[in-house]
Amino acid sequence: MLTDRELVDLAFDMLERAYAPYSNFPVGAAIACADGTVFTGCNVENAAFGSTICAERTALVKAVSEGHRDDLERIAIAGRGQDYCWPCGACRQMLSEFNPELIILAARGDGQFVSYPLHQLFPHGFGPGTLTQER
Ligand code: THU
């Protein structure tokens with residue numbers, strides 16, 4: 001099982017794969033599953049800017065499409081900035097669908113990182129349970 005530090009380092013490795021010619025803001029991500037499987041991702045931008053996908057959602061769709069839906073434990077997110085690389089709102093929403101308890105490891109350019117459970121960054125999210133409540 002990877003340590004948090006090792007998972008963060010994998011997210012940093014993914015900065016090399018980022019396609020970010022418009023923002024010049026590469027982001028890398030790595031998701032760890034309960035069985036130790038890891039899915040990585042990077043941001044992939046597009047000339048039609050709105051078609052860009054974030055690093056976290058790239059990693060998430062890789063995990064889910066490979067059958068890892070219910071066992072996502074941690075995600076590391078790395079950027080080169082001075083501030084920790086926090087997940088955007090859309091990524092928080094997408095991640096919360098599969099595990100509101102997911103551990104977020106947000107790293108900054110100097111390699112330092114902080115750890116929060118997703119529900120602290122994304123309280124009272126709209127989730128699958130919201131839709132199945134009685135109306
Ligand atoms: N980006 C991510 O990859 N993850 C986030 O959570 C926030 C933003 C990317 C999208 C875009 O390619 C660049 O960072 C600047 O917004």
Side-chain angles (χ1 to χ4, degrees):
M1 207 63 67
L2 292 180
T3 64
D4 288 353
R5 176 77 261 166
E6 289 167 333
L7 194 65
V8 167
D9 287 344
L10 284 180
F12 273 110
D13 290 345
M14 289 306 290
L15 291 175
E16 304 302 321
R17 301 259 176 93
Y19 178 69
Y22 305 110
S23 71
N24 289 310
F25 193 88
V27 180
I31 294 180
C33 303
D35 67 358
T37 310
V38 172
F39 295 91
T40 55
C42 59
N43 52 338
V44 182
E45 296 187 348
N46 192 271
F49 298 161
S51 299
T52 291
I53 185 168
C54 291
E56 302 92 308
R57 276 177 288 149
T58 303
L60 179 68
V61 297
K62 284 169 70 176
V64 172
S65 61
E66 294 295 325
H68 287 265
R69 186 191 292 169
D70 300 321
D71 66 339
L72 311 180
E73 288 190 340
R74 292 172 291 160
I75 182 169
I77 310 157
R80 295 200 175 109
Q82 289 186 336
D83 193 10
Y84 298 109
C85 195
W86 301 108
C88 78
C91 289
R92 294 178 198 205
Q93 175 70 37
M94 284 283 288
L95 293 166
S96 182
E97 176 86 10
F98 299 101
N99 184 8
E101 311 290 321
L102 188 72
I103 299 298
I104 308 291
L105 307 171
R108 63 188 188 194
D110 68 0
Q112 296 282 106
F113 65 93
V114 288
S115 172
Y116 290 90
L118 176 57
H119 63 80
Q120 276 188 25
L121 304 180
F122 191 67
H124 308 294
F126 189 99
T130 316
L131 286 173
T132 53
Q133 280 158 16
E134 266 190 54
R135 279 167 280 159

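Ligands are counted one by one from 1 in listed order, and the atoms in each one are counted from 1 as well.
- The CZ atom of F39 sits 4.5 Å away from atom NE2 of H68, with the distance rounded to the nearest 0.5 Å.
- Residue contacts with ligand 1 leave out A20, since none of its heavy atoms falls under 4.0 Å from the ligand.
- Within 6.0 Å of atom CZ in R69, 12 or fewer heavy atoms from other residues, nucleotides or ligands are found, so the atom counts as exposed in its surroundings.
- For atom 8 (C) of ligand 1, the candidate residues are C85, C54, G41; the nearest heavy-atom contact is made by C54.
- Among protein heavy atoms, the minimum distance from atom 3 (O) of ligand 1 is reached at A55 N, 2.9 Å.
- Taken from CZ in R92 to CD in E56, the straight-line distance is 9.5 Å, to the nearest 0.5 Å.
- Nearest protein neighbour of atom 9 (C) of ligand 1, counting heavy atoms only, is N43 ND2, 3.5 Å.
- Geometrically, ligand 1 and E45 share a nitrogen or oxygen pair separated by less than 3.5 Å.
- Protein heavy atom closest to atom 6 (O) of ligand 1, with residue, atom name and distance, is E56 OE2, 2.6 Å.
- Contact annotation for atom 1 (N) of ligand 1: protein present (non-hydrogen atoms, distance under 4.0 Å).
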Using the side-chain contact (heavy atoms from CB on, under 4.5 Å) rule, take R17 and V44 through it: C-alpha gap first, then chi angles, then the decisive distance, then the call. CA-CA 9 Å; R17 301 259 176 93; V44 182; over 6 Å; no

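- Scanning all heavy atoms of the two residues, the minimum distance from G79 to F12 falls at O-CE2, 3.6 Å.
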Verdict with supporting geometry, R80 and E16, salt bridge (charged side-chain N to carboxylate O under 4.0 Å, His left out): CA-CA 11 Å; R80 295 200 175 109; E16 304 302 321; 3.6 Å; yes

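- Using a 4.0 Å cutoff on heavy atoms, Y22 does not count as a contact of ligand 1.
- Close approach to P87 involves these atoms of ligand 1, each under 4.0 Å from a residue heavy atom: 6 (O).
- The number of heavy-atom neighbours closer than 6.0 Å to CD of Q82, taken from other residues, nucleotides and ligands shown, is 12 or below.
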